[in-house]
Amino acid sequence: MRRKIIAGNWKMNMNFSEADDLLALIIADIDDNAKPVDVDVVICPPAVYLELATDMASGKAVLIGAQNVSSFENGAYTGEISAAMLESLEVDYAIVGHSERRKYFNESNEELTSKVKLLLAHGITPIFCCGELLDDRNDDRHMEVVSNQIGDTIFHLAGEEFQKLVIAYEPVWAIGTGKTATPGQAQEMHAFIRALIAKKYSRETADQCRILYGGSCNASNAAELFSKQDVDGGLIGGASLNADDFALIIRSA
Ligand code: 13P
């Protein structure tokens, strides 16, 4: 039985005191109402709030993730944040290859592969993002695109490394648009990804890999998406910025 993950990606939002307030509300809700026992809750704030977040989450049923990591180990890379630095802050997860980073920061498959390897070497779980553009889906190339994104990056990992990562399927056309993939579309892609993993590694590895859905997932549509057999939770953007909505999503898992 795979544990579900509800991860909030705050993206580049909020100032320090707003971040402090939101995290306090999320933690208080989990303390008061208890989250479902088989659900991991992960919050990915902007990097400058990671120390605050790991301090606040210490001893609580909330895990903290980074939104990005450097593809370099350490050294003269001004402005970068290394996997070792994240490890020293006791960060548990890191998002890799979000479509916004692929689009605006031209992240290449080589960089993404390096990021995943460095995170694993530092004991941090990568949440590897993949997903097609609207044109890809309209041209019926969505399976091929996602298969290439995975095949050119995380399929370079050895089996025991691969078992430590989480995948997030985020169709680009659904991110921040209010256009969610239907539960059927999500299930179809998640089952396809799981079949790719079974073929590359093993049925057992595929069965234990957690695959999250992301893209306009909110308190109204979460339960139906998460009810699908191969959907193991969500990577939530906009709706994770509201403590009440996020609490509802956690309870939908
Ligand atoms: P939205 O939930 O705002 O569509 O964002 C999804 C996302 O990109 C999470 O990483």
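As the structure lists them, so they are numbered: ligands from 1, and atoms in each ligand from 1. What you see is a predicted model, and the numbers here were worked out from it, not measured in a lab. Computation of the quantities below employed the complete heavy-atom set of this structure, encompassing side-chain atoms and omitting hydrogens, waters and symmetry-equivalent molecules. Numbers here simply count residues along the sequence, with the first being 1.
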Subject >> Closest protein heavy atom to atom 2 (O) of ligand 1, given as residue, atom name and distance to 0.1 Å >> reply: G237 N, 2.9 Å

Subject >> Check: Q67/H98 side-chain N/O donor and acceptor closer than 3.5 Å >> reply: no

Original post:
When you check the gap from the basic side-chain N to the acidic O, do E132 and R137 get nearer than 4.0 Å?
Top reply: yes

Subject >> Heteroatom proximity flag, E100 to ligand 1, N/O under 3.5 Å >> reply: no

Original post:
Just which atoms of ligand 1 are under 4.0 Å from any heavy atom in G238?
Top reply: 1 (P), 2 (O), 3 (O)

**OP:** Look at K4 together with D38 and state whether they make a salt bridge at an N to O cut-off of under 4.0 Å.
**Re:** no

Original post:
Do any nitrogen or oxygen atoms of G215 lie less than 3.5 angstrom from nitrogen or oxygen atoms of ligand 1?
Top reply: no

**OP:** Output yes when the distance from some N or O of ligand 1 to some N or O of I175 is under 3.5 Å, and no in every other case.
**Re:** no

**OP:** Run the numbers for me: atoms of ligand 1, each under 4.0 Å from some heavy atom of H98, listed by number.
**Re:** 7 (C), 8 (O), 9 (C), 10 (O)

Original post:
For atom 7 (C) of ligand 1, what's the nearest protein heavy atom and its distance?
Top reply: E170 OE2, 3.2 Å

Original post:
Using a heavy-atom cut-off of under 4.0 Å, does the side chain or the backbone of A174 touch ligand 1, or both, or neither?
Top reply: backbone

Subject >> Which of the ligand 1 atoms, numbered from 1, are nearer than 4.0 Å to a heavy atom of K11 >> reply: 5 (O), 6 (C), 7 (C), 8 (O)

Subject >> Pair R2 + D232: basic N to acidic O under 4.0 Å >> reply: yes

Original post:
Is there a nitrogen or oxygen of G176 sitting under 3.5 Å from a nitrogen or oxygen of ligand 1?
Top reply: yes

Original post:
Looking at ligand 1, does S240 have a heavy atom less than 4.0 Å from it?
Top reply: no

Original post:
So, do Y201 and F155 have ring centers that fall under 6.0 Å from each other?
Top reply: yes

Original post:
Would you say the side-chain atoms of S58 pair up with the backbone N or O of T54, donor to acceptor, closer than 3.5 Å?
Top reply: no

Original post:
Relative to ligand 1, is N9 under 4.0 angstrom through side chain, backbone, both or neither, heavy atoms considered?
Top reply: side chain

Original post:
Is the closest basic N to carboxylate O distance between R210 and D230 below 4.0 Å?
Top reply: no

Original post:
So does E144 pair up with R141, basic N to acidic O under 4.0 Å?
Top reply: yes

